[in-house]
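Just so we're clear, the structure is a prediction, and the values are computed from it rather than from any experiment. Just so we're on the same page: letters track the sequence lines, and every chain starts at 1.
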Amino acid sequence: MSNYDFKSIERKWQDRWEAEGLYRSKVDWAKPKHYALTMLPYPSGDFHIGHWYAMTPSDARARVMRMKGYNVLFPMGFDAFGLPAENAAVQRNVHPAKWTYENIERMRSQLRSMGAMFDWEREAVSCDPSYYQWTEWFFKKMYEHGIAYRDKAMVNWSETLQTVLANEQVIDGKDERTGQPVVQKLMEQWFFAITKYADELLEFEQLDWPEPIKTMQTNWIGRSEGAEVSFVTEHGDEIDVFTTRPDTLWGATFMVLAPEHPLVDSLTVEEHRQAVDDYRAIAAGRSELERMETEREKTGVFTGGYATNPVNQEQIPVWIADYVLLSYGTGAIMAVPAHDQRDFEFARQFGLEIVPVIHPSGAEAPSADAMEEAYVGPGRMINSGPIDGTETTEAKGRANPSIAATIDWLEQKDLGSEAINYRLRDWLISRQRYWGAPIPMVHRNDGGVEPVADDRLPVILPEDVEFEGRSPLATTPAFFETTDSHGRPARRETDTMDTFMCSSWYWFRYLSPHYGDGPFDPEEAAYWLPVDVYTGGAEHAVMHLLYARFFVKAMRDMGVFARAAELMKEHGREATGLFDEPFLVLRNQGQILGEERRGDRLVVSGRQQGNRVVATTVRVDEAAGPEGGMIVGELMRRTENLLQIKADTGLVTVEVPESASVEIPLVAGTNDVSQLRHHLDVERMSKSKGNTVNPDELVESYGADTVRTYLMFAFDWEKGGPWDSQGILGSYRFIQDVWKLGTARYESTADAETAAQASRALRRSVHRTVRKVDHDMVAFKWNTGIAALMKLRNTMNESLHAGMVSGEAWDEAVQTLLKLLAPIAPHVTEELWQGLGHAGSIHLESWPQWDPGLLVEETVTMVVQVNGKVRDRVDIPPDISEDDAIEAALAAERIQSWTEGKTVRKVIARPPKLVNIVVA
RNA sequence: GCGGGCGUAGCCGAAUUGGCAUAGGCGCCAGACUUAGGAUCUGGUGGAGCGAAAGCUCUGUGUGGGUUCGAGUCCCACCGCCCGCACCA
């Protein structure tokens with residue numbers, strides 16, 4: 001038996017698979033297809049353990065599907081446009097393209113070391129002109145169909161990134177990538193009309209997606225039902241408001257506009273102008289972030305203007321306040337202080353009138369003065385003219401009788417209409433950056449815009465440009481000087497597209513990355529589409545995953561799939577519904593967190609100075625007990641030369657001056673403060689915390705097969721959890737054991753009868769394992785699947801040592817174990833498979849099937865309970881009748897003492913598992 | 001504040017959907033081999049108690065209650081943690 005040499009085995013098979021094209025995927029209508037997709041990485045330069053965690057289980061599942069007889073497509077590529085490349089250009093004076101392609105090259109080899117079955121001939125790189133020409137093509141198509149449009153709007157501007165961002169990319173007023181604040185700016189930008197698809201995007205019926213993702217998308221789209229009503233100002237201008245509670249219109253005692261609302265100017269009377277202007281200036285200067293922080297106290301100013309409440313002709317004052325957002329609804333509200341908590345607070349703050357219009361069920365009629373908060377519960381309408389007495393419930397929209405009655409009344413009187421409002425805004429896709437796909441548009445001298453002619457596509461990014469932190473496109477005449485369709489001088493659009501645009505269609509490019517007549521080859525599309533299973537991180541819930549769904553729906557409506565659908569039908573495949581959604585099944589992996597680490601135990605001498613101790617000596621001693629005059633405890637945190645030590649008396653801050661001596665026995669040479677290890681909690685991995693795990697090093701120490709196995713074994717995949725550097729040893733031992741089992745020379749020493757019985761037991765284990773692993777691998781439950789394989793390993797170890805089973809049973813066990821493990825640990829199983837004398841690859845073998853007949857046992861153990869507690873166990877045949885089971889239970893030896901002298905009240909039998917005897 | 005999820009051993013985690021709680025792994029303990037062990041192999045390992053031992057009894061899934069012959073699983077209340085949304089009109 002040779003030793004398990006993972007290095008040479010893994011290199012050998014990776015080379016051979018590639019040379020033989022083992023993972024090439026070709027259209028074959030005779031076989032069922034399976035398109036497995038995992039989110040494409042950004043080429044940052046290095047894969048971290050999270051990439052392995054996302055990709056290798058997806059690879060394992062794709063491999064299972066292949067062994068199950070599917071023709072599997074499992075491609076890979078790079079989401080290669082983006083800001084880090086430009087930052088590298090500024091900081092290291094290297095062109096973004098060069099930086100990106102060098103990273104890609106390094107990451108390709110890291111991907112190879114995973115041993116994944118990526119079909120490299122289908123690789124797509126989004127920053128390559130052969131790719132982004134189609135990103136441009138999509139933009140132009142969207143423009144022609146009225147989905148892409150240019151508009152002036154308040155947008156999120158990031159000073160740090162020097163670009164605008166989409167709403168989805170701003171979280172709590174901060175850029176989601178860097179956490180830097182954004183400000184609101186009025187700018188003319190390109191948008192995609194994703195809101196046209198809002199209702200369709202709320203449909204998830206045909207999707208097998210995680211509930212939280214569907215919920216997040218639903219919340220993000222934010223559909224609410226209500227009515228739109230116009231209030232008329234003294235100048236005759238209409239202020240449109242959207243409300244979900246039109247039934248409370250009679251209680252609307254004032255209006256509030258967003259400070260940026262266009263009618264503020266004309267509404268404001270002279271004596272209030274200064275206050276209004278001041279307030280607007282403050283609001284404009286606030287970042288979105290600050291605006292949210294000022295949560296509690298309501299602020300605002302009166303414009304001096306009035307508008308007419310259309311239902312009762314009351315003149316009501318119009319205020320401005322920053323709790324009303326221009327970006328939601330119409331940017332103006334009717335305020336109903338009696339029944340809306342925000343309006344209530346505002347009214348109390350500024351002494352505005354409150355008129356209750358709901359009489360709460362089971363309570364006294366409300367008095368405006370006595371109210372302590374807005375009433376939002378059920379009741380009957382009062383003070384509300386035509387709808388007085390109508391019941392109001394907590395239901396939303398027309399399901400609420402009072403709302404339905406009001407909408408009908410409003411529409412009949414032509415005062416308003418039923419309306420649906422969405423929180424979702426159109427997708428802002430312009431970016432004032434260089435490293436992205438150019439927007440293929442031209443600004444004419446006459447102020448109009450037109451798309452670049454087809455024969456002049458793609459617009460290529462100029463290479464010879466300088467990087468200083470802003471996009472060079474706007475300052476490079478060779479790029480922006482162009483002509484329009486009539487040959488007149490014109491200026492090229494210098495903004496590029498959001499990189500989410502590139503990733504909104506990449507899985508189509510994988511189908512035919514070299515195809516020149518369209519974004520994808522319809523022949524390939526007809527066979528492979530749609531994606532059957534998609535895996536990746538949940539952080540893309542309302543960005544990539546929402547954009548991707550929108551993109552496919554827009555593509556469908558623009559006829560991009562027409563030819564593919566035709567071809568599908570020619571091959572007898574029903575195309576209906578297959579081009580409505582990109583990813584039928586979606587699963588999110590969890591996150592691997594950093595490992596908990598104990599800090600060094602320190603013994604410190606020094607003197608107290610103010611609220612800290614200045615150290616003279618610092619010594620690491622894991623065994624140190626309390627010592628007089630010394631500070632002894634675990635190092636919890638270190639910032640430069642300041643240490644936080646958890647001593648018996650509490651946290652102590654210790655300053656370590658240059659002059660102090662630092663002694664770390666385990667670290668040779670002169671020691672200094674930076675070598676001390678501080679405590680780490682379980683938290684997200686990050687370089688700054690020093691708790692990252694480098695997959696390359698793990699592969700170096702244990703081999704890719706072990707790393708893959710461990711990643712799939714140690715966590716519930718959809719949950720993730722803290723890394724455990726000891727735990728990987730268990731997987732390493734498992735792979736080594738498999739190596740030993742696979743290379744063992746087995747000889748049976750038993751007589752025929754013993755062998756038959758032992759073999760039956762082993763085969764039962766084998767076939768049970770097949771059933772378990774088969775189920776778990778398809779269901780993304782790798783941890784329990786591998787646990788089953790480890791259990792089989794244990795059983796086989798026993799069989800090997802006992803030598804009782806027949807040679808045939810042993811061979812079946814070994815081969816089955818290898819096949820079941822092949823998707824998880826592809827190299828070692830391939831090597832062992834070859835060692836067993838097989839000429840072909842184990843990865844071309846078919847997936848094992850279990851024989852139900854072998855699963856049944858001759859006897860099973862039945863639990864006998866008395867009053868619900870297990871008191872004995874009896875061996876019985878699995879097909880025992882209920883009566884026989886009860887008889888066996890009552891006859892069981894140890895049951896007698898528990899039933900003696902008592903009355904059996906009831907017997908519950910669940911043969912062959914359990915009998916419960918109830919006595920009193 | 002609203003919505004969703006979770007809580008099982010020293011740790012990561014199982015539990016066929018209401019039927020033997022703790023599979024598998026890590027760690028730990030004991031033993032074997034060894035110059036050595038952070039290698040390998042064998043066995044043990046929720047807690048408490050009884051027993052020379054085989055074993056037996058009690059107890060145990062965040063806390064308290066409920067339904068049930070039977071609850072980690074279902075229901076109610078509470079505590080804690082995580083995630084999403086958050087002045088959304």
Side-chain angles (χ1 to χ4, degrees), chain A residues 171-172 210-220 222-224 226 241-246 248 252 255-256 258 291-292 294-296 298 321-325 327-336 340-343 345-346 421-424 538-539 541-542 590-591 593 595-596 682 709-710 713-716 718-731 733-734 736 740 771-772 775-776 781 783-794 797 801 861-873 894 905-910 913-920:
Chain A
I171 295 167
D172 291 342
E211 283 307 319
I213 300 285
K214 293 193 273 186
T215 308
M216 278 191 248
Q217 292 203 348
T218 304
N219 291 343
W220 185 261
R223 181 184 201 273
S224 44
V241 301
F242 170 78
T243 174
T244 54
R245 293 303 302 267
T248 62
M255 294 189 79
V256 186
R291 215 159 140 162
M292 288 180 204
T294 57
E295 206 173 273
R296 291 297 145 234
K298 292 266 179 301
D322 64 6
Y323 82 90
V324 174
L325 308 170
S327 58
Y328 186 81
T330 61
I333 61 162
M334 63 173 210
V336 184
D340 181 290
Q341 187 58 26
R342 295 154 297 168
D343 298 342
E345 286 166 21
F346 194 81
N421 188 58
Y422 300 92
R423 193 178 98 104
L424 180 73
E539 66 273 17
V542 292
Q591 200 168 39
L593 303 169
E595 183 167 17
E596 185 167 2
V682 172
T709 306
Y710 182 57
F713 174 66
F715 315 89
D716 173 346
E718 297 190 51
K719 231 170 102 185
W723 181 257
D724 177 1
S725 51
Q726 285 292 322
I728 196 170
L729 287 172
S731 301
R733 286 174 197 143
F734 170 59
Q736 298 226 28
K740 285 175 199 163
R771 184 177 60 175
K772 176 75 177 154
H775 170 268
D776 288 354
K781 299 284 179 198
N783 55 340
T784 49
I786 293 173
L789 288 172
M790 288 177 167
K791 202 172 182 172
L792 178 61
R793 172 266 314 258
N794 294 340
N797 265 334
H801 292 134
T861 303
M862 183 176 75
V863 167
V864 184
Q865 296 179 332
V866 177
N867 288 347
K869 295 195 174 180
V870 181
R871 295 304 181 190
D872 204 355
R873 298 175 171 84
R894 298 190 39 238
R905 305 279 289 262
K906 195 173 177 183
V907 180
I908 292 110
R910 294 282 180 276
K913 284 191 160 177
L914 152 153
V915 168
N916 186 13
I917 301 161
V918 184
V919 298

**Request:** Name the nucleic acid region contacted by A/Asp340, choosing base, sugar-phosphate or nothing; use a 4.0 angstrom heavy-atom cut-off, strictly under.
**Result:**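 Answer is nothing: A/Asp340 stays at 4.0 Å or more from every strand.
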
**Request:** Using salt bridge (charged side-chain N to carboxylate O under 4.0 Å, His left out) as the criterion, list what pairs up with A/Asp340, not counting sequence neighbours.
**Result:**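 Residues passing salt bridge (charged side-chain N to carboxylate O under 4.0 Å, His left out) with A/Asp340: A/Arg342.
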
Send over the distance from [X] [atom1] to [N] [atom2], rounded to a whole Å.
{"X": "A/Gln726", "N": "B/C11", "atom1": "CD", "atom2": "P", "value": "16 Å"}
{"X": "A/Lys214", "N": "B/C85", "atom1": "NZ", "atom2": "P", "value": "19 Å"}
{"X": "A/Tyr328", "N": "B/A89", "atom1": "OH", "atom2": "P", "value": "4 Å"}
{"X": "A/Lys298", "N": "B/C87", "atom1": "NZ", "atom2": "P", "value": "10 Å"}

**Item:** Proximity to the side chain of A/Tyr323 - top-ranked nucleotide from B/C69, B/C87, B/C85
**Value:**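 The closest nucleotide is B/C87.
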
**Request:** Classify the glycosidic conformation of B/U17 as syn or anti, calling it syn when the angle lies within 90° of 0.
**Result:**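 For B/U17, whose glycosidic angle is within 90° of 0, the conformation is syn.
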
**Shortest non-hydrogen separation from A/Ser224 to A/Thr244 and the atoms involved** =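 Looks like CB-CG2, 3.9 Å.
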
**Complete:** Readout for nucleotides 12-20 of chain B: B = base within 4.0 Å of protein heavy atom, S = sugar-phosphate only, - = neither; 5' to 3' it is SSS-B--BB

When rounded to the nearest Å, what value does the distance between [atom1] atoms of [N] and [M] take?
{"N": "B/C82", "M": "B/G10", "atom1": "P", "value": "22 Å"}
{"N": "B/G4", "M": "B/C12", "atom1": "P", "value": "27 Å"}
{"N": "B/G80", "M": "B/G64", "atom1": "P", "value": "16 Å"}
{"N": "B/C83", "M": "B/G31", "atom1": "P", "value": "46 Å"}
{"N": "B/C76", "M": "B/G44", "atom1": "P", "value": "43 Å"}
{"N": "B/U16", "M": "B/U22", "atom1": "P", "value": "13 Å"}
{"N": "B/G84", "M": "B/C88", "atom1": "C1'", "value": "16 Å"}
{"N": "B/G7", "M": "B/U73", "atom1": "C1'", "value": "14 Å"}

**Message:** Between A/Ala787 and A/Pro212, which residue's closest nucleotide on RNA chain B lies nearer the 5′ terminus?
**Reply:**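 It is A/Pro212 whose nearest nucleotide is closer to the 5' end.
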
**Asked** More 5' along RNA chain B: A/Gly727 or A/Trp220, using each one's nearest nucleotide?
**Response**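 Nearer the 5' end of the strand: A/Gly727.
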
**Watson-Crick or G-U stems of RNA chain B, 3 or more pairs, under 3.5 Å, by first number** =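 When the pairs of RNA chain B are grouped into runs of at least three, the stems are B:1-7 with B:79-85, B:10-12 with B:24-26, B:27-32 with B:40-45, B:46-50 with B:55-59, B:62-66 with B:74-78.
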
Check whether any side-chain N or O of [X] sits under 4.0 Å from OP1 or OP2 of [N], and answer yes or no.
{"X": "A/Arg793", "N": "B/G24", "value": "no"}
{"X": "A/Arg871", "N": "B/C56", "value": "no"}
{"X": "A/Asn219", "N": "B/A86", "value": "no"}
{"X": "A/Arg342", "N": "B/G1", "value": "no"}

**Message:** Among residues at least two apart in sequence or on other chains, which ones pass side-chain contact (heavy atoms from CB on, under 4.5 Å) with A/Lys869?
**Reply:**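 If we apply the side-chain contact (heavy atoms from CB on, under 4.5 Å) test to A/Lys869, skipping adjacent residues, the hits are A/Arg871.
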
Can you give me the N/O atom pairs linking the protein to nucleotides 36-47 of chain B at distances under 3.5 Å, or say none if there are none?
none

**Asked** What residues form a side chain to side chain donor-acceptor pair (under 3.5 Å) with A/Glu211, not counting sequence neighbours?
**Response**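 Result, side chain to side chain donor-acceptor pair (under 3.5 Å) vs A/Glu211: A/Lys214.
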
**Request:** Check the side chains of A/Tyr323 and A/Asp343 for a donor-acceptor pair under 3.5 angstrom, ignoring hydrogens and angles.
**Result:**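 Yes, side-chain donor-acceptor contact under 3.5 Å.
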
